[in-house]
Amino acid sequence: MQLYDQQTLKVTNSLTGKKEVFKPIKDGYVGMYVCGPTVYSNVHLGNCRTFMSFDMIFRYLKHLGFKVRYVRNITDAGHLENDADEGEDKIAKKAKLEQIEPMEVVQRYTVDFHETLQKFNLLPPSIEPTATGHIIEQIEIIKSILEKGFAYEVNGSVYFDVVKFNATNDYGKLSGRKLEDMIANTRELTAQDDKRNPQDFALWKKAEPQHIMRWPSPWGDGFPGWHLECTAMSTKYLGETFDIHGGGMDLKFPHHECEIAQAEACNNTSPVNYWLHANMLTLNGKKMSKSTDNNIYPSEIFNGNNTILSKAFSPSVVRFFMMQAHYTSILDLSDEALLASEKGYQKLMEAIKNLESLPTAQNTTNFNVEAWKQECYDAMNDDFNTPILIAKLFDAVKRINLIKDGKETISEADKKKLTNLVASFTFDVLGLEEQQATEGSSNALDGVVNLLINLRNEARANKDFATSDKIRDELLAMGIQLKDGKDGTTFSIN
RNA sequence: GGCAUCGUGGCCGAGCGGCUAGGCAGAGCUCUGCAAAAGCUUGUACAACGGUUCGAAUCCGUUCGAUGCCUCCA
């Protein structure tokens, strides 16, 4: 009996706009595809939030016992600056700008992407395919769509015929748009366009002579359209219909809408059962965006080298901050909010540390561990409600502290159970990590501070408070805080 | 302009018809030589105005405000 048989998971399906009971196509197995980054620049924190949200979802699905195949692509070609004819490939543009090979651009930012996600403790996906590695598959799909009559070729480019598709299918069902409205709202723009309709999108683009990223195809040298790679790779690794497709809210239209259209045109079947969309991380109340420069890079948070934060924050604190909000809600980043999260995170970690050495008794007072456990699952089962899960963890923190103070007791069995549960929710599901031992410290420094602590305690024993307070205050001024506890004095360095 | 979403106590952020999370800050207490740290206790807020209902932050309508998508963006 697996956990997923005991717990009923519900997810918000963007396609229906409703919370639905999650039922995979094949019992016990889950196929999940998430749109990855276009690797033409460093990932910013907003990008990270989306991947972190789906990492949490991946983790919880695995925790429930599902065998998950998680596919997250790397877009290393085909992502145009815009869909007009003069639209340039983002990778190629960057390569030209820096006078390096496109693959060099791809390599540089793919490495940055991986390093950053690792700092945030994201699990690697099961498969991480690239667009350039699937050109043949993409060409095959274009051929198939052409055969079905939902695409047309013009001057070496192939476009998807949205109007024709809409006659038999529903283009716009994911984003709640109507093609007629879209046509009515289209401004009459530049004439030199090969497309029959402005709503049509490129499946294959002809490469101009100076274009460096190019592949041969039945329509001449060119490169694939952006939307196509996801259809090609999700179909290849997860099948014509799979369970979950995720991505950022900003990809809902047109990207995901186009994916649906391509897949339906090609396979005559709806590709995805559950569409999940992660909401935006904002800065100054506005969406983070590379093009408007309203963003912050993870490295700037880790080293505190930026204009909006008062100090550096660890990846785990940032992750905790994000997990305190629901993945479908907009979350605004601010110094105050991060500061508050850091305190909360430390409180949680402190309690988890104290849990190990908690005294046990004959019975447990005032704490029904079994009921608490189910409350945690209920939170996660309700569309991955991590803020509530964290609230439940703080319920446990309070109990732990009360037991530590001797005001309540816990049995050996309950303590063991609680320890396991807290660890699996905190570390396995939320993906948080324990704070590294006082960073920046060394054995020598530890020795020196401990020496001062001893000197101070001697002074205190002699009631020489002038000396003891001097040691304490001057250390504090240097950023070393002494903490007097029942079992002696410890210190932390900020 | 079109289509959506959102507006919760000092701040962040859940909840989405009755039982009214949680974190941070503030206040009080415990501990302490005094502090700090830590712990405990404490908060009836839901943009405005109407309506539905025995009952609404939660449903409906209007107004105001913010954001997102409609061109590339996680």
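No experiment lies behind these values; they were computed from the predicted model shown. Heavy-atom basis, side chains included; hydrogens, waters and symmetry copies ignored. Order of the sequence lines fixes the chain letters, A, B, ..., with proteins taken first and strands second; residue numbering starts at 1 for each chain.
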Looking at A:Lys404, does any N or O in its side chain come under 4.0 Å of the phosphate oxygens OP1/OP2 on B:G39? no

Compute the centroid of each ring, for A:Phe313 and then for A:Phe321, and state whether the two points are separated by less than 6.0 Å. no

Decide whether A:His256 and A:His227 meet the rule of one side-chain donor and one side-chain acceptor closer than 3.5 Å. no

Need the pair for B:G7. Rule: Watson-Crick or G-U wobble, both distances under 3.5 Å, any strand; none if unpaired. B:C64

Using the benzene-type ring in the case of Trp, are the ring centres of A:His211 and A:Phe223 under 6.0 Å apart? yes

Taking only Lys NZ, Arg NE, NH1 and NH2, and the carboxylate oxygens of Asp or Glu, determine whether A:Asp55 and A:Arg319 approach each other closer than 4.0 Å. yes

From the set B:A74, B:G2, B:G33, return the single nucleotide nearest to any side-chain atom of A:Asp181. B:G2

Say we look at B:G13 and B:C59: how far apart would their C1' atoms be, to the nearest angstrom? 24 Å

Does A:Lys96 NZ have over 12 foreign heavy atoms under 6.0 Å away? no

Which letter, B, S or -, goes with each nucleotide of nucleotides 23-30 of chain B from 5' to 3', with contact meaning a protein heavy atom under 4.0 Å? SSS-----

Ignoring backbone atoms, establish whether A:Lys290 has a side-chain N or O less than 4.0 Å from OP1 or OP2 of B:A74. yes

Which listed nucleotide (B:A74, B:G22, B:C34) is nearest to the side chain of A:Ala391? B:G22

Would you find more than 12 non-hydrogen atoms of other residues, nucleotides or ligands less than 6.0 Å from A:Lys10 atom NZ? no

Pairwise C1' distance for B:G26 and B:C12, with rounding to whole Å: 15 Å

Assign each of A:His44 and A:Ile390 the nucleotide of RNA chain B bearing its closest heavy atom; nearer the 5' end lies the nucleotide of A:Ile390

Tell me, which of residues 119-131 of chain A have any heavy atom that sits under 4.0 Å from an atom in RNA chain B? none

Nearest whole Å is fine: how far is B:C70 P from A:Glu180 CD? 19 Å

Test item: side-chain donor near acceptor, A:Glu458 and A:Asn462, under 3.5 Å: no

Tell me what A:Arg177 touches on the nucleic acid: a base, only sugar-phosphate, or nothing, going by heavy atoms under 4.0 Å. base

Roughly how many Å apart are B:A25 and B:U42, using the C1' atom of each and rounding to a whole number? 14 Å

With a cut-off of 6.0 Å (strictly less than), are more than 12 heavy atoms of other residues, nucleotides or ligands near CD of A:Gln346? yes

Counterpart base for B:A36, defined by Watson-Crick or G-U wobble contacts under 3.5 Å: none

Suppose we define a pair by two distances each less than 3.5 Å, Watson-Crick or G-U wobble; what does B:G2 pair with here? B:C69

Ring centres under 6.0 Å, that's the criterion: do A:Tyr274 and A:His245 meet it? no

B:C11 and B:C69: how far apart are their P atoms, nearest whole angstrom? 27 Å

With the side chain of A:Arg456 defined as its heavy atoms from C-beta on, choose the nearest nucleotide among B:C70, B:A74, B:A35. B:A35

Between B:G43 and B:G10 - C1' atom distance, rounded Å: 12 Å

Just checking A:Asp484: base, sugar-phosphate only, or nothing, at a heavy-atom cut-off of under 4.0 Å? base

Regarding the side chain of A:Asp405, the nearest nucleotide among B:A14, B:G33, B:G39 is B:G39

For residues 396-403 of chain A, please give each side-chain donor-acceptor pair under 3.5 Å, one per line with the distance, not counting sequence neighbours.
residue	atom	partner	partner atom	Å
A:Arg399	NE	A:Glu408	OE1	3.0
A:Arg399	NH2	A:Glu408	OE2	3.2
A:Asn401	ND2	A:Val397	O	3.3

For B:A45, which nucleotide is its Watson-Crick or G-U wobble mate, given both distances must be under 3.5 Å? none

Base, sugar-phosphate alone, or nothing: which one does A:Lys286 contact when heavy atoms must sit under 4.0 Å apart? sugar-phosphate

Closest of B:G39, B:A74, B:A14 to the A:His326 side chain is B:A14

Pick base, sugar-phosphate or nothing for A:Asp473, based on heavy-atom distances below 4.0 Å to the nucleic acid. nothing

So, is A:Ser329 near the phosphate of B:A14, with a side-chain N or O under 4.0 Å from OP1 or OP2? yes

In whole Å, what separates the P atom of B:A57 from that of B:C70? 37 Å

Answer yes or no on whether A:Arg72 is positioned over the face of A:Phe54, meaning its NZ or CZ is under 6.0 Å from the six-membered ring centre and within 45° of the axis. no

Between A:Leu331 (CG) and B:A14 (P), how many Å, whole number? 8 Å

Between B:G61 and B:U53 - C1' atom distance, rounded Å: 16 Å

Under 4.0 Å: is that the gap between some side-chain N or O of A:Asn279 and OP1 or OP2 of B:G68? no

Integer angstrom distance from the C1' of B:G23 to that of B:A66: 25 Å

